[in-house]
Amino acid sequence: MLDTLIFLLERLFLLAHIKLSSLLPPHAKDSARCEREDPPGGAQRFQRGDLLEVPRTLFTHFGIYLGENRVAHLIPDILPALTADSRQIQEMVTNTRLLLGVLSKRASVRVDSVEDFAYGARILLNAMDGAVRRAPLPAEEVARRAERLLGGVAYSLLWNNCEHFVTFCRYGSAQSLQTDQFCAWLKSLIRDRRNVAVTALLGLLSMACLGVSSSTALPTLLIPFTLWMAS
(Lines give C-alpha, C1' and ligand atoms only; values in the text may rest on other atoms or scores of the structure.)
Protein backbone atom coordinates (compact mmCIF):
# COMPACT_ATOMS: atom_id res chain seq x y z
CA MET A 1 0.00 0.00 0.00
CA LEU A 2 2.82 2.42 0.91
CA ASP A 3 4.68 1.62 -2.32
CA THR A 4 1.52 2.30 -4.31
CA LEU A 5 1.00 5.64 -2.57
CA ILE A 6 4.61 6.70 -3.20
CA PHE A 7 4.25 5.65 -6.86
CA LEU A 8 1.15 7.85 -7.24
CA LEU A 9 2.83 10.78 -5.49
CA GLU A 10 5.83 10.55 -7.78
CA ARG A 11 3.62 10.57 -10.87
CA LEU A 12 1.84 13.67 -9.53
CA PHE A 13 5.21 15.30 -8.94
CA LEU A 14 6.26 14.54 -12.51
CA LEU A 15 3.15 16.28 -13.84
CA ALA A 16 3.35 19.29 -11.52
CA HIS A 17 4.81 22.46 -13.08
CA ILE A 18 7.25 23.27 -10.28
CA LYS A 19 9.92 25.91 -10.70
CA LEU A 20 12.64 26.81 -8.23
CA SER A 21 12.26 30.47 -9.18
CA SER A 22 8.78 30.48 -7.62
CA LEU A 23 10.40 29.84 -4.23
CA LEU A 24 12.56 32.95 -4.40
CA PRO A 25 11.39 36.39 -3.27
CA PRO A 26 10.95 38.98 -6.05
CA HIS A 27 14.29 40.69 -5.46
CA ALA A 28 16.09 37.34 -5.54
CA LYS A 29 14.39 36.44 -8.81
CA ASP A 30 15.47 39.74 -10.37
CA SER A 31 19.00 39.17 -9.14
CA ALA A 32 19.07 35.69 -10.65
CA ARG A 33 17.88 37.04 -14.00
CA CYS A 34 20.22 40.01 -14.08
CA GLU A 35 23.40 38.57 -12.62
CA ARG A 36 23.25 34.79 -12.74
CA GLU A 37 22.05 33.89 -16.19
CA ASP A 38 24.41 32.08 -18.51
CA PRO A 39 27.23 34.65 -18.63
CA PRO A 40 29.04 35.88 -21.74
CA GLY A 41 31.85 33.54 -22.61
CA GLY A 42 29.90 30.43 -21.56
CA ALA A 43 31.80 27.81 -19.59
CA GLN A 44 34.90 30.02 -19.39
CA ARG A 45 33.10 32.13 -16.80
CA PHE A 46 32.03 29.19 -14.61
CA GLN A 47 34.24 28.26 -11.67
CA ARG A 48 34.92 24.73 -10.42
CA GLY A 49 32.32 23.93 -7.77
CA ASP A 50 29.61 26.25 -9.17
CA LEU A 51 26.03 25.04 -9.06
CA LEU A 52 24.44 25.23 -12.51
CA GLU A 53 20.68 25.29 -12.94
CA VAL A 54 18.64 24.80 -16.12
CA PRO A 55 14.89 25.60 -16.08
CA ARG A 56 12.96 22.99 -18.05
CA THR A 57 9.26 22.71 -18.94
CA LEU A 58 8.12 20.57 -16.00
CA PHE A 59 11.08 20.83 -13.65
CA THR A 60 14.48 22.40 -13.04
CA HIS A 61 17.65 20.41 -13.69
CA PHE A 62 20.84 20.89 -11.65
CA GLY A 63 24.53 20.07 -11.96
CA ILE A 64 27.94 20.86 -10.48
CA TYR A 65 30.58 22.43 -12.69
CA LEU A 66 33.88 20.51 -12.56
CA GLY A 67 35.96 22.73 -14.80
CA GLU A 68 37.13 22.31 -18.40
CA ASN A 69 33.57 22.55 -19.74
CA ARG A 70 32.42 19.51 -17.70
CA VAL A 71 29.30 19.22 -15.55
CA ALA A 72 28.45 16.41 -13.11
CA HIS A 73 24.73 15.81 -12.82
CA LEU A 74 22.35 13.10 -11.64
CA ILE A 75 20.04 12.01 -14.43
CA PRO A 76 17.56 9.12 -14.77
CA ASP A 77 18.72 6.60 -17.37
CA ILE A 78 17.59 3.05 -18.11
CA LEU A 79 20.47 2.19 -20.46
CA PRO A 80 23.10 1.24 -17.82
CA ALA A 81 20.71 -1.49 -16.67
CA LEU A 82 20.50 -2.89 -20.20
CA THR A 83 24.08 -2.76 -21.44
CA ALA A 84 27.65 -2.41 -20.21
CA ASP A 85 28.80 -0.65 -23.39
CA SER A 86 30.30 2.58 -22.04
CA ARG A 87 30.21 4.22 -25.47
CA GLN A 88 26.45 3.83 -25.74
CA ILE A 89 25.89 4.87 -22.15
CA GLN A 90 27.98 8.01 -22.55
CA GLU A 91 25.88 9.21 -25.48
CA MET A 92 23.51 12.02 -24.59
CA VAL A 93 20.46 10.72 -22.69
CA THR A 94 17.33 10.81 -24.84
CA ASN A 95 13.85 11.55 -23.52
CA THR A 96 12.95 7.86 -23.84
CA ARG A 97 15.96 6.79 -21.78
CA LEU A 98 15.16 9.44 -19.20
CA LEU A 99 11.46 8.50 -18.87
CA LEU A 100 12.25 4.79 -18.57
CA GLY A 101 14.89 5.63 -15.97
CA VAL A 102 12.30 7.52 -13.92
CA LEU A 103 9.82 4.65 -14.11
CA SER A 104 12.45 2.04 -13.20
CA LYS A 105 14.03 4.30 -10.56
CA ARG A 106 17.48 3.99 -12.12
CA ALA A 107 19.88 6.88 -12.57
CA SER A 108 23.54 7.75 -12.72
CA VAL A 109 25.75 10.65 -11.76
CA ARG A 110 27.58 11.34 -15.00
CA VAL A 111 29.79 14.00 -16.56
CA ASP A 112 28.68 15.82 -19.71
CA SER A 113 29.69 18.97 -21.50
CA VAL A 114 28.03 22.23 -20.52
CA GLU A 115 26.22 22.25 -23.87
CA ASP A 116 24.79 18.74 -23.43
CA PHE A 117 23.83 19.51 -19.84
CA ALA A 118 21.99 22.71 -20.83
CA TYR A 119 20.24 21.00 -23.77
CA GLY A 120 19.70 24.39 -25.41
CA ALA A 121 18.23 26.07 -22.33
CA ARG A 122 19.45 29.08 -20.35
CA ILE A 123 21.82 28.35 -17.45
CA LEU A 124 21.50 30.03 -14.06
CA LEU A 125 24.65 30.25 -11.94
CA ASN A 126 24.49 29.58 -8.18
CA ALA A 127 20.90 30.85 -8.04
CA MET A 128 20.10 28.45 -5.16
CA ASP A 129 22.47 30.35 -2.86
CA GLY A 130 19.65 32.83 -2.31
CA ALA A 131 17.10 30.16 -1.40
CA VAL A 132 19.10 27.70 0.74
CA ARG A 133 19.88 28.75 4.30
CA ARG A 134 23.21 26.92 4.50
CA ALA A 135 26.40 28.60 3.31
CA PRO A 136 28.16 26.95 0.35
CA LEU A 137 31.12 24.69 1.08
CA PRO A 138 34.54 25.57 -0.39
CA ALA A 139 34.43 25.23 -4.17
CA GLU A 140 37.04 22.47 -4.37
CA GLU A 141 35.19 20.42 -1.74
CA VAL A 142 31.97 20.83 -3.73
CA ALA A 143 33.61 19.52 -6.91
CA ARG A 144 35.30 16.63 -5.12
CA ARG A 145 32.01 15.55 -3.53
CA ALA A 146 30.44 15.46 -6.99
CA GLU A 147 33.33 13.43 -8.42
CA ARG A 148 33.17 10.90 -5.59
CA LEU A 149 29.50 10.21 -6.37
CA LEU A 150 29.99 9.45 -10.07
CA GLY A 151 28.32 6.20 -11.13
CA GLY A 152 24.98 4.43 -10.79
CA VAL A 153 22.53 5.47 -8.06
CA ALA A 154 18.96 4.70 -7.04
CA TYR A 155 16.53 7.35 -8.23
CA SER A 156 13.37 8.83 -6.79
CA LEU A 157 11.51 11.90 -8.04
CA LEU A 158 10.67 12.83 -4.46
CA TRP A 159 13.55 11.59 -2.33
CA ASN A 160 16.69 11.33 -4.47
CA ASN A 161 16.77 13.52 -7.55
CA CYS A 162 19.27 15.86 -9.21
CA GLU A 163 18.50 18.62 -6.69
CA HIS A 164 19.33 16.36 -3.75
CA PHE A 165 22.65 15.61 -5.46
CA VAL A 166 23.73 19.22 -5.96
CA THR A 167 22.59 20.45 -2.54
CA PHE A 168 24.54 17.65 -0.85
CA CYS A 169 27.62 18.60 -2.85
CA ARG A 170 27.40 22.36 -2.41
CA TYR A 171 25.77 22.77 1.01
CA GLY A 172 26.57 19.48 2.75
CA SER A 173 22.94 18.45 3.19
CA ALA A 174 20.70 16.84 0.58
CA GLN A 175 17.38 18.57 0.07
CA SER A 176 14.99 19.45 -2.74
CA LEU A 177 13.11 22.73 -2.69
CA GLN A 178 10.96 21.44 -5.55
CA THR A 179 9.94 18.42 -3.46
CA ASP A 180 9.29 20.64 -0.42
CA GLN A 181 7.01 22.86 -2.50
CA PHE A 182 5.17 19.87 -3.93
CA CYS A 183 4.65 18.35 -0.46
CA ALA A 184 3.32 21.69 0.82
CA TRP A 185 0.86 21.81 -2.08
CA LEU A 186 -0.17 18.20 -1.46
CA LYS A 187 -0.69 18.92 2.25
CA SER A 188 -2.97 21.86 1.46
CA LEU A 189 -4.86 19.67 -1.01
CA ILE A 190 -5.44 16.96 1.60
CA ARG A 191 -6.50 19.47 4.26
CA ASP A 192 -9.21 20.89 2.00
CA ARG A 193 -12.20 18.71 2.88
CA ARG A 194 -14.01 19.76 -0.27
CA ASN A 195 -11.70 17.37 -2.13
CA VAL A 196 -13.23 14.48 -0.19
CA ALA A 197 -16.65 15.21 -1.67
CA VAL A 198 -15.21 15.69 -5.15
CA THR A 199 -13.27 12.41 -4.95
CA ALA A 200 -16.34 10.54 -3.69
CA LEU A 201 -18.45 12.01 -6.51
CA LEU A 202 -15.90 10.98 -9.13
CA GLY A 203 -15.85 7.50 -7.63
CA LEU A 204 -19.65 7.22 -7.84
CA LEU A 205 -19.55 8.41 -11.45
CA SER A 206 -16.95 5.77 -12.30
CA MET A 207 -19.16 3.10 -10.72
CA ALA A 208 -22.14 4.36 -12.73
CA CYS A 209 -20.16 4.28 -15.99
CA LEU A 210 -18.05 1.16 -15.43
CA GLY A 211 -20.33 -0.80 -13.15
CA VAL A 212 -19.94 -1.90 -9.55
CA SER A 213 -16.89 -4.06 -9.02
CA SER A 214 -13.97 -4.34 -6.62
CA SER A 215 -11.82 -2.20 -8.95
CA THR A 216 -14.34 0.69 -8.80
CA ALA A 217 -15.98 0.29 -5.39
CA LEU A 218 -12.77 -0.09 -3.37
CA PRO A 219 -11.15 3.18 -4.57
CA THR A 220 -14.51 4.97 -4.22
CA LEU A 221 -14.61 4.04 -0.54
CA LEU A 222 -10.92 3.94 0.37
CA ILE A 223 -9.61 7.16 -1.21
CA PRO A 224 -12.27 9.55 0.22
CA PHE A 225 -11.98 7.81 3.62
CA THR A 226 -8.18 8.26 3.59
CA LEU A 227 -8.46 11.93 2.60
CA TRP A 228 -11.07 12.51 5.32
CA MET A 229 -8.94 10.92 8.03
CA ALA A 230 -5.85 12.84 6.89
CA SER A 231 -7.63 16.20 6.75
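Just the heavy atoms: all of them, side chains too, but no hydrogens, waters or symmetry mates, feed the values below.
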Show your working on side-chain contact (heavy atoms from CB on, under 4.5 Å) between E163 and F62 and close with a plain yes or no. CA-CA 6 Å; E163 194 172 1; F62 301 88; 3.7 Å; yes

Please check if L100 and L98 belong to a single hydrophobic cluster, counting links between Ile, Leu, Val, Met, Phe, Trp and Tyr side chain heavy atoms closer than 4.5 Å. no

Are Q175 and V132 packed together at the side-chain level, in the sense that at least one heavy-atom pair is separated by less than 4.5 angstrom? yes

E140 with R145: basic N within carboxylate O range, under 4.0 Å: no

OH/Y155 to OG/S108 distance, rounded to the nearest 0.5 angstrom? 11.5 Å

Indicate the atoms forming the closest heavy-atom contact of G49 with V142, along with that distance. O-CG1, 3.4 Å

Mind listing the closest non-hydrogen atom pair of P55 and L124 along with its distance? CG-CD1, 4.3 Å

Show the nearest heavy-atom pair for residues V54 and A121, with the distance to one decimal. CG1-CB, 3.3 Å

Between R97 and E91 the two heavy atoms that sit nearest each other are NH1-O, 3.3 Å

V71/L66 under side-chain contact (heavy atoms from CB on, under 4.5 Å): CA gap, chis, key distance, verdict: CA-CA 6 Å; V71 181; L66 300 180; over 6 Å; no

The test is side chain to side chain donor-acceptor pair (under 3.5 Å); show your working for N69 and E115 and say whether it passes. CA-CA 8 Å; N69 201 44; E115 293 76 19; 3.1 Å; yes

Same apolar cluster (I L V M F W Y, side chains within < 4.5 Å links), L150/V153: yes

Does the side chain of D129 come under 3.5 Å of the side chain of Y171 through a donor N or O and an acceptor N or O? yes

Mind checking the CD1-CZ spacing from I64 to F46? Nearest 0.5 Å is all I need. 12.0 Å

Could you tell me the separation between the NE2 atom of H73 and the SG atom of C169, rounded to the nearest 0.5 Å? 12.5 Å

Which distance, rounded to the nearest 0.5 Å, do you find between the CG of L79 and the CD of Q90? 11.0 Å

How far apart are the C-alpha atoms of T167 and R134, what are their side-chain angles, what is the distance that settles it, and do they pass the side-chain contact (heavy atoms from CB on, under 4.5 Å) test? CA-CA 10 Å; T167 52; R134 292 173 176 266; over 6 Å; no

Rounded to the nearest 0.5 Å, how far apart are OH of Y65 and CD1 of I123? 10.0 Å

Once you round to the nearest 0.5 Å, how far does CD of E68 lie from OG of S113? 13.0 Å

Do L74 and N161 come within less than 4.5 Å of each other through their side chains, counting heavy atoms only? no

Could you tell me whether R48 atom CZ has more than 12 heavy atoms of other residues or ligands within 6.0 Å of it? yes

Please evaluate residues H61 and F117 with respect to the criterion ring-ring contact (aromatic ring centres under 6.0 Å, His included), reporting the C-alpha separation (whole Å), side-chain torsions for both, the decisive distance (0.1 Å), and the verdict. CA-CA 9 Å; H61 190 50; F117 165 77; 5.3 Å; yes

Looking only at non-hydrogen atoms, find the nearest pair between V109 and L149 and report the distance. CB-O, 3.4 Å

Shortest non-hydrogen pair, F165 vs A72, comes out as CE2-O, 3.5 Å

